[in-house]
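Take a look at the structure below.
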Amino acid sequence: MDVTSIIDPLNDAQRQAVTAPSQAMLVLAGAGSGKTRVLVHRIAWQIQVLGVSAHSILAVTFTNKAAKEMRGRIEELLNMSAQSMWIGTFHGVAHRLLRRHAKQAKLPETFQVMDSGDQLRLIKRLLATLNLDADKWPPRQVQWYINAQKDEGIRARHMMETGDPYQRQMLIIYKAYEQLCDRSGLVDFAELLLRAHELLRDNPDVLDFYQQRFRQVHVDEFQDTNTIQYAWLRLLTEGKDNIFVVGDDDQSIYGWRGAKIENIYSFQKHYPNHQVIKLEQNYRSTGNILKAANKVISVNDGRMGKELWTDAGDGDLISLYAAFNEQDEAHFVVERIRAWVNEGGLRKDVAILYRSNAQSRQFEERLMTTGTPYRVYGGLRFFERVEIKNALAYLRLMSNRDDDASFERVINTPTRGIGAKTIDDIRNIARDQSLSLWAAAIVLINQRTLSARATNALIGFLELIKRFDGQAEGLELFEKVKLVVEKSGLIELYQKDKADKGEEKVENLEELVNAARLFDASTIGDLEDQENLGELDMFLANATLESGELQGDDFDDCVQLMTLHSAKGLEFKQVFLVGMEEGLFPSQQSVDDVGRLEEERRLCYVGITRAMKQLYLTYAESRRLYGRETYPRPSRFLREIPSEHIQEVRMRATVTRPVTSVKPKAQSLQTEGKYKLGQRVSHAKFGEGVVLQMEGDGAQERVQINFKQVGLKWLILAYAQLDVL
DNA sequence: CCTCAAACATTTTTT
DNA sequence: ATGTTTGAGG
């Protein structure tokens, strides 16, 4: 038994957590403090020292990536297969439970998982069926409402009429939605969690089985759990307190999608015998970066309280750059990256982090023109592409005729002469007789009310699916996929798509066949699971649950561009935190709500702590946003960083100021007089600022100045006493 | 059935 | 500015 490899690489706090007796444990792990390491070593400790069987380990994460990493690191540390451990996302584990106990969960064996796109389409259709005006009841809002209820564990039947007409209508829709999902055998993401909770709650034998089975339950990113996830964890560990959670209240940035930071506080109430261990030693960043992060986050109220420290020294100061506009900002950032690379730095160690996706464009353009390889995270994932969804819909329909969402998706894709009228008829029959669309289509054919042409087209479609099903018999998974891709007419459809994207879509379909070839069901569950489910269904479920995360190719040396949210959990030697402006970051929608503002601040904390060696903060004094010129003030978060950790960078001399963003009228004036556009000035009352526009002359001459403290002002030059800086 | 233009909205994202 | 959705017309 080699305990040293488990214990030696740990600091005191980490070791204490790893070797603690089996009891409720809350590890408050600051950014870069070795959170995953603690989790991995804790599991290893139990197996190697306490003799716990791998079979009785459960570990839940939020992302597939985190689950994969944890599994890999455990295997590496223990030098054994982690196959029999339940390590997965909340959704993945819930899905596995529901597959195993479909009957007790009151689900058909062939139930399929919908992603949010499928869900939205289903809701749109439902609203149409209910004759509701989509303008008055926006599908997105309905979707949000339903998911919010499910996240809280609330079923339509639990809800009471409040007399509020909005709530009443939502309730009607929610009820109808539940019925439709049941009839079609469809389960959305929130439903997976809710169903899994109900499965354990309502089936004592099932609950007992898993309570016995899992000797220790581990949870990653606990601050991101929502109500139902936490309730599920509590059920599973009831009375045994065998729960080990790792999280950081300061990195809770998903409140807007139902995460309950309060779960950390409730944990201490619900598990009175719990122990709290704080991990505060940071192994990632320099002292200056950590001190800045600590200061920013300390502005928030009601924290558990944590202060990161390092013994690695202060390192470089944080650089602050005030750009003239967003193009100047991009220019500056890319020049710095080029300098970094020239000095031997790797591009993949550099990240540009922004608050909203729209900000990536300017950087992409700049990187493009300088020929710097880069990668943008967060685009459409593979299994979310239309062409892929279409192909999967055929496969789903083969597996489950009642899958209305898939039926509707491909009934006329590619077009085969089944028009809106025919589909409408099918929908009506389905609604009136509570049938699936497939069954309703058969009824419609037998009614003989359709024109011969429409009837033939419809029969043709049904026959096509049946033929697929017949031909697929006995084929390998990838051959089935190939069959559908080739014979559905999708390839032809995209081949004649003259728009540039057609070719790419054909390639993606070929890639889908390839993905099926590589798909190895045995990596998903263990043998018990595979008996319950066909390989095709496993493939389909996996496609939804793991929507094709583009794994960063380690071979490619690319600058990384992503939102602050997707940067959580990652680290980079050099980080650019761009667009540090009021209204952008913190975002406009957050500024007048304390709770949301605090979440923005945590996001800022996350961003700062991504940096290992160098951190650059940038903002623009003028920015084109949604087609309008705006003059934002620097972000309040900048002021929350003590100036002793910051150095201002000025690159005026080397930057060719783009004149294009300035009104032509002002342009003609810019060479005249004492002040130039972009000139830094200081005012006795308003402080420091930048000249943005000038107009008039003589006594009427006015300048528009963007002041750091007070924002935008027009001043009459004759009165204003400005000092040139 | 397809194409084009007007209207529209526009934080953050995983599963 | 830009991408997406909806409606009219070919």
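The sequence lines fix the lettering, A, B, ..., with proteins before strands; numbering per chain opens at 1. We use all heavy atoms of the structure for the numbers below, so side chains are in, but hydrogens, waters and symmetry mates are not.
Here the rule is side chain to side chain donor-acceptor pair (under 3.5 Å) with E581(A), and of R633(A), R355(A), R623(A) only R623(A) fits it.
When each of dT11(B), dG3(C), dC1(B) is scored by its nearest atom to the side-chain atoms of T415(A), the top-ranked nucleotide is dC1(B). Taking every side-chain heavy atom of S356(A) into account, dT11(B) is the closest of dT13(B), dT11(B), dT15(B). When each of dT13(B), dT11(B), dA1(C) is scored by its nearest atom to the side-chain atoms of N357(A), the top-ranked nucleotide is dT13(B). Closest to the side chain of R381(A), out of dT2(C), dT14(B), dT12(B), is dT14(B). For R361(A), whose side chain is taken as the heavy atoms from C-beta onward, the closest listed nucleotide among dT14(B), dG3(C), dT11(B) is dG3(C).
A donor-acceptor pair shorter than 3.5 Å can be found between the side chains of N263(A) and T225(A). In summary, the side chains of Q223(A) and E221(A) do present a donor paired with an acceptor at a separation below 3.5 Å, with no hydrogens or angles considered.
Using a 4.0 Å heavy-atom criterion, one finds that Q588(A) contacts no nucleic acid atom at all. Residue-level contact check: N412(A) touches the backbone only, with heavy atoms under 4.0 Å from sugar-phosphate atoms and none from bases. Residue Y626(A) is classed as a base contact, given a heavy-atom separation below 4.0 Å to a base. The residue R628(A) sits apart from the nucleic acid: no heavy atom pair falls under 4.0 Å. Residue-level contact check: T544(A) touches neither bases nor backbone, having no heavy atom under 4.0 Å from any strand.
For a distance-only test at 3.5 Å, the side chain of S587(A) qualifies as a donor-acceptor partner of the base of dT11(B).
Using C1' as the reference atom, dT14(B) and dG3(C) are 23 Å apart when rounded to the nearest Å. Here the separation of dT5(C) from dT12(B), taken at their C1' atoms, is 22 Å to the nearest Å.
For the pair L577(A) CG and dT11(B) P, the computed distance is 19 Å after rounding to whole Å. Note: CD (E384(A)) to P (dT4(C)) measures 14 Å, nearest angstrom. If you take CG of L493(A) and C1' of dC2(B), they are 12 Å apart, rounded to a whole angstrom. When rounded to the nearest whole Å, the span between CD1 of I253(A) and P of dT13(B) equals 9 Å. Between the CZ atom of R355(A) and the C1' atom of dT13(B) there is a distance of 11 Å, given to the nearest Å. Rounded to an integer number of Å, the gap from M114(A) CE to dT15(B) P is 17 Å. Distance L380(A) CG to dT13(B) P: 13 Å, rounded to the nearest Å. dT14(B) atom P lies 16 Å from atom CD of Q119(A), rounded to whole Å.
When all heavy atoms of A391(A) and L512(A) are compared, the closest pair comes out as CB-CD2, 3.7 Å.
Mapping G419(A) and E600(A) onto DNA chain B by nearest heavy atom places G419(A) at the nucleotide closer to the 5' end. Place S590(A) and G417(A) on DNA chain B by their nearest nucleotides, and G417(A) ends up nearer the 5' end.
For the pair W256(A) and dT12(B), the ring geometry qualifies as stacking, because the centroid separation is below 5.5 Å while the planes lie within an angle under 30°.
Phosphate proximity of dT13(B) to T563(A): present, with a side-chain N or O under 4.0 Å from OP1 or OP2.
Distance check: S399(A) OG to L392(A) CG gives 12.0 Å after rounding to the nearest 0.5 Å.
At most 12 heavy atoms of other shown residues, nucleotides or ligands fall within 6.0 angstrom of atom CZ in R453(A).
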